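Contents: one structure, followed by commentary.
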Amino acid sequence: MSEQLRELTRAEEEIMQVLWDKGKAYVKDIIEVLSEPKPAYNTVSTIVRILQQKGFVGHHAFGKTHQYFPIISKEEYRKFVTTKLMSGYFGNSVGNMVSFFVKEKKVDLKEVDELMKILEDLKNK
């Protein structure tokens, strides 16, 4: 994972989700998928260029148009965000994090049982 990886803004993440789903896209393709109200072409273009500066996105030039693609995978970003969340809010404790989500009713007991099974399987390897 890149040492320079930084957290994305909500708008940047929304555009990255489109690129992760599509694999590659022009600005107009990104806008098509975004929810209403649709942002202006220049707004999306600016955010994509910022993502490029941050090292998340690359491009292929076709004349004056650019086709963009993700450089950072969704899995890499997921690991980064999860690690940051765990260290910043849960003292690097999976138990504290799971406990929080259970108390907030964001995870039901069936999901906790599934987590316990995964942990047990990992322990037995």
Side-chain angles (χ1 to χ4, degrees):
M1 183 168 27
S2 174
E3 291 298 317
Q4 67 191 18
L5 207 55
R6 294 184 291 184
E7 200 163 355
L8 298 173
T9 66
R10 192 171 55 165
E12 291 167 347
E13 190 170 342
E14 188 175 8
I15 288 170
M16 283 305 301
Q17 292 290 352
V18 173
L19 289 173
W20 285 323
D21 289 345
K22 288 189 166 286
K24 55 189 173 184
Y26 297 94
V27 171
K28 65 179 180 56
D29 301 325
I30 295 169
I31 294 169
E32 275 179 19
V33 180
L34 297 176
S35 53
E36 295 288 344
K38 304 279 189 195
Y41 183 95
N42 287 343
T43 302
V44 174
S45 181
T46 298
I47 294 170
V48 171
R49 284 195 307 275
I50 290 168
L51 286 166
Q52 198 167 3
Q53 290 169 353
K54 287 183 172 182
F56 279 82
V57 170
H59 78 274
H60 298 292
F62 298 98
K64 292 183 179 181
T65 62
H66 293 91
Q67 184 182 50
Y68 298 96
F69 56 90
I71 293 174
I72 302 295
S73 72
K74 190 173 188 175
E75 184 61 28
E76 281 179 281
Y77 188 67
R78 181 184 301 145
K79 286 179 187 175
F80 166 75
V81 170
T82 304
T83 300
K84 186 172 180 181
L85 178 70
M86 288 221 358
S87 66
Y89 295 96
F90 300 105
N92 281 327
S93 167
V94 173
N96 288 345
M97 187 170 78
V98 171
S99 175
F100 170 80
F101 286 115
V102 169
K103 287 177 187 171
E104 293 295 313
K105 299 191 179 14
K106 303 289 183 198
V107 177
D108 63 27
L109 291 178
K110 181 181 177 207
E111 290 172 312
V112 172
D113 286 341
E114 290 171 13
L115 283 170
M116 296 301 288
K117 184 181 180 328
I118 291 168
L119 293 172
E120 192 62 36
D121 290 347
L122 287 172
K123 191 169 113 177
N124 291 329
K125 283 186 176 184

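Predicted model only: the values in this text are computed from it and were never measured.
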Exercise. Quick one: does L8's side chain get under 4.5 Å of L51's, heavy atoms only?
Worked result: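 Side chain of L8 against side chain of L51, heavy atoms only: contact under 4.5 Å found.
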For this session: Could you pull out all residues at least two apart from T46 that satisfy side-chain contact (heavy atoms from CB on, under 4.5 Å)?
Result: R49, I50
Seminar exercise, completed: Sorted by chain and number, sequence neighbours left out, side-chain contact (heavy atoms from CB on, under 4.5 Å) with S87 holds for N92
Taking only residues two or more places apart in sequence or in another chain, which ones pass salt bridge (charged side-chain N to carboxylate O under 4.0 Å, His left out) with [X]?
X    : value
E14  : none
K117 : D121
R78  : E75

Exercise. Which atoms form the tightest heavy-atom contact between Y41 and I31, and what is the distance?
Worked result: CA-CD1, 3.5 Å
Exercise. Which heavy atom of S93 sits nearest a heavy atom of N96, and at what distance?
Worked result: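 Residues S93 and N96, closest heavy atoms: OG-N, 3.0 Å.
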Exercise. To the nearest 0.5 Å, how far apart are CD1 in I47 and CD1 in I30?
Worked result: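 These two atoms lie 9.5 Å from each other.
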Problem set entry | side-chain hydrogen bond (donor to acceptor under 3.5 Å, both in side chains) partners of residues 16-26, not counting sequence neighbours, each pair once | Q17-K74
Exercise. Taking only residues two or more places apart in sequence or in another chain, which ones pass side chain to side chain donor-acceptor pair (under 3.5 Å) with Q52?
Worked result: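 Partners of Q52 under the side chain to side chain donor-acceptor pair (under 3.5 Å) test: H59.
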For this session: Sort and list the pairs that fulfil salt bridge (charged side-chain N to carboxylate O under 4.0 Å, His left out) and have at least one residue in residues 80-96, not counting sequence neighbours.
Result: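 Matches after skipping sequence neighbours: E7-K84.
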For this session: Assess whether side-chain contact (heavy atoms from CB on, under 4.5 Å) is satisfied between V57 and I15, documenting all intermediate values.
Result: CA-CA 10 Å; V57 170; I15 288 170; over 6 Å; no
Exercise. Any idea how F56 and Y77 line up, ring-wise: parallel (<30°), tilted (30 to 60°), or perpendicular (>60°)?
Worked result: perpendicular
Enumerate donor-acceptor pairs with a distance under 3.5 Å from any side-chain N or O in residues 62-71 to protein atoms, sequence neighbours excluded.
residue, atom, partner, partner atom, Å
T65, OG1, F62, O, 2.9

Problem set entry | ring pair (Phe, Tyr, Trp, His ring centres under 6.0 Å) partners for Y89, two or more places apart | none
